[in-house]
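All values derive from a computational prediction rather than experimental measurement. Naming convention: chains lettered A, B, ... in sequence-line order (proteins, then strands); numbering from 1 in each chain.
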2 protein chains.
Amino acid sequence: MTETTATPGQRADMVRNRRLLLDAATAAFAECGVDVSMGEIAQRAGLAKGTVFRHFASKEDLLAAIMLQLLDRLTSTADRLVDADDAAAALHEFMTAGVEVLAADRAFCEVIGRPSLQLAQVRSAIERLGQTAETLTARAREQGTIRDDVTGMDIVLLLGGIHQTAAPLLDAQPQVWRRYLELTFDGLRATNARSLPHPPSRRLPTAQSD
Amino acid sequence: MTETTATPGQRADMVRNRRLLLDAATAAFAECGVDVSMGEIAQRAGLAKGTVFRHFASKEDLLAAIMLQLLDRLTSTADRLVDADDAAAALHEFMTAGVEVLAADRAFCEVIGRPSLQLAQVRSAIERLGQTAETLTARAREQGTIRDDVTGMDIVLLLGGIHQTAAPLLDAQPQVWRRYLELTFDGLRATNARSLPHPPSRRLPTAQSD
DNA sequence: CACCAACATGACCGGTCGGTCATTTTCTCT
DNA sequence: AGAGAAAATGACCGACCGGTCATGTTGGTG
């Protein structure tokens, strides 16, 4: 088969174990957050702890690999939507996909909310996602459906905010986030703008007023 | 003086040390989040670790005490605003105060976002805050300035969301949260409602559509 | 001042974590 | 099948954590 992993000179069992490890780590991080232990991940994968460290030199490396995968997948989703007729609808669909991912992955929420770790690759992946979202947003702005002070990075950051709003209720009402997405999206609509536009580059004039 | 701690039969140095401990813990939790160690807190207070555990039987107790203090302070702020003429403006002021607290306290963000710990008192304090916010919100709804599907608990939850949106930028732009507050508040205005109202009690009809 | 109970102290305990490494197992190639 | 390299293993290490406790110290009182 023409898998992406063409197993150039690698042993078959190593490739298989790597797959097991990645799957287990993805599930473990999603369920338990970034603080899940490497031992737990190894156990879920049916491997010894040492094997995990053979594939990834540190926990941070493993986490970064998985977060990058998620971020790139979201970027692809955004890319697929740039040609839609109704840019605002496309933007809405992108945001739905984004919050859906966040609602299903604890570690992703934690990393998005605080990428100040050492995860430089993650930061740049977020940048890329922001740029792709910007092309979506720009079209919606030009179509006059979205207020003109909203940027692509705003959209990306709002994903985390929408999810965080819904998070305390997620157990009781797994779909509440849709409601907060609608609420937030209403605030983005062009005709709904009340507050003065705040170009993201030129702000904080008398910032220390309080 | 008529301090709240009237030192009923307690030794003077104990009262003093308790003050030192509470101040140090407040600062430590705010700066480092809930994962700051008891040793670090003790060090900041200039006390031994054992002394900390004499004042609070567990780390959770200490954290709960400080979180409760913050939540009650916010509830007081909301209480002070219920008599304002412009309920929407009062609501806005409350939200400003709320996000301000969140932006300055890491532990508070973490606890608000995931009160699923054992902190029953914290949960009920959040409930109380939600009820007080509801009186504010109800007046704004009656005045027709806020869409009528928004509840007090919505407001409380949105505080966490707004902060989370701004969190990744807080280092570079400490005041961005004001921008996202305005954006969100625009979505709350009565005339800006587009999406159908979702009474929080009767939801999730065909929820599994995706 | 002298006494004692209340308080402060820090060494200590069990447990968990990320990470290492000598040894053993397994795959692959001839 | 046999040999050798690559990979898997799990015991092990040092660091850190929340929490305990025997011991030393201190503040209030008669």
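Atoms CG (A:L21) and C1' (D:dA7) sit 14 Å apart, rounded to a whole Å. If you take CZ of A:F53 and C1' of D:dC13, they are 13 Å apart, rounded to a whole angstrom.
Each of B:G50 and A:L47 was matched to the nucleotide of DNA chain D holding its nearest heavy atom; the match closer to the 5' end belongs to A:L47.
Consecutive Watson-Crick or G-U pairs involving DNA chain D, each under 3.5 Å on both distances, make up stems of three or more pairs at C:1-30 with D:1-30.
Among residue pairs with one or both ends in residues 21-80 of chain B, none qualify as ring pair (Phe, Tyr, Trp, His ring centres under 6.0 Å); sequence neighbours excluded. Pairs engaging residues 71-81 of chain B under the side-chain hydrogen bond (donor to acceptor under 3.5 Å, both in side chains) rule: B:D72-B:R128 [sequence neighbours left out].
Under 4.0 Å is where a charged nitrogen must lie from a carboxylate oxygen, and between A:D186 and B:R189 no such pair does. Under a 4.0 Å N-O distance rule, the pair A:R44/A:E31 qualifies as a salt bridge.
Among B:L71, B:L157, B:L70, the one residue that satisfies the side-chain contact (heavy atoms from CB on, under 4.5 Å) test with B:I112 is B:L71.
With contacts defined as side-chain heavy-atom distances shorter than 4.5 Å, the pair B:I66/B:L62 qualifies. Contact of the B:R147 side chain with the A:L183 side chain is registered, since non-hydrogen atoms from C-beta on lie closer than 4.5 Å. Residues B:L63 and B:M67 are in side-chain contact: their nearest non-hydrogen atoms beyond the backbone lie under 4.5 Å apart. Using a 4.5 Å heavy-atom threshold, the side chains of A:R114 and B:R106 count as touching. The side-chain heavy atoms of A:L188 and A:L158, taken from C-beta on, include a pair separated by under 4.5 Å.
The phosphate of D:dT9 (OP1 or OP2) has a side-chain N or O of A:T51 nearer than 4.0 angstrom. OP1 or OP2 of D:dA8 sits under 4.0 Å from a side-chain N or O of A:H55.
In this structure, OH in A:Y180 is found 12.0 Å from CD in A:Q164, a value given to the nearest 0.5 Å.
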Nucleotides 22-30 of chain D: protein proximity per nucleotide (B base, S sugar-phosphate only, - neither; heavy atom, under 4.0 Å): ----BSS--
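Residue A:V36 is classed as a sugar-phosphate contact, given heavy-atom separations below 4.0 Å to backbone atoms only.
Along DNA chain C, the stretch of nucleotides lying under 4.0 Å from any heavy atom of chain B spans, 5' to 3', C:dA6 to C:dG10.
Between the side chains of B:E100 and B:H163, no donor-acceptor pair is found at a separation under 3.5 Å.
B:E40 CD: more than 12 foreign heavy atoms inside a 6.0 Å radius.
At a non-hydrogen distance threshold of 4.0 Å, nothing from residues 39-46 of chain A comes into contact with DNA chain C.
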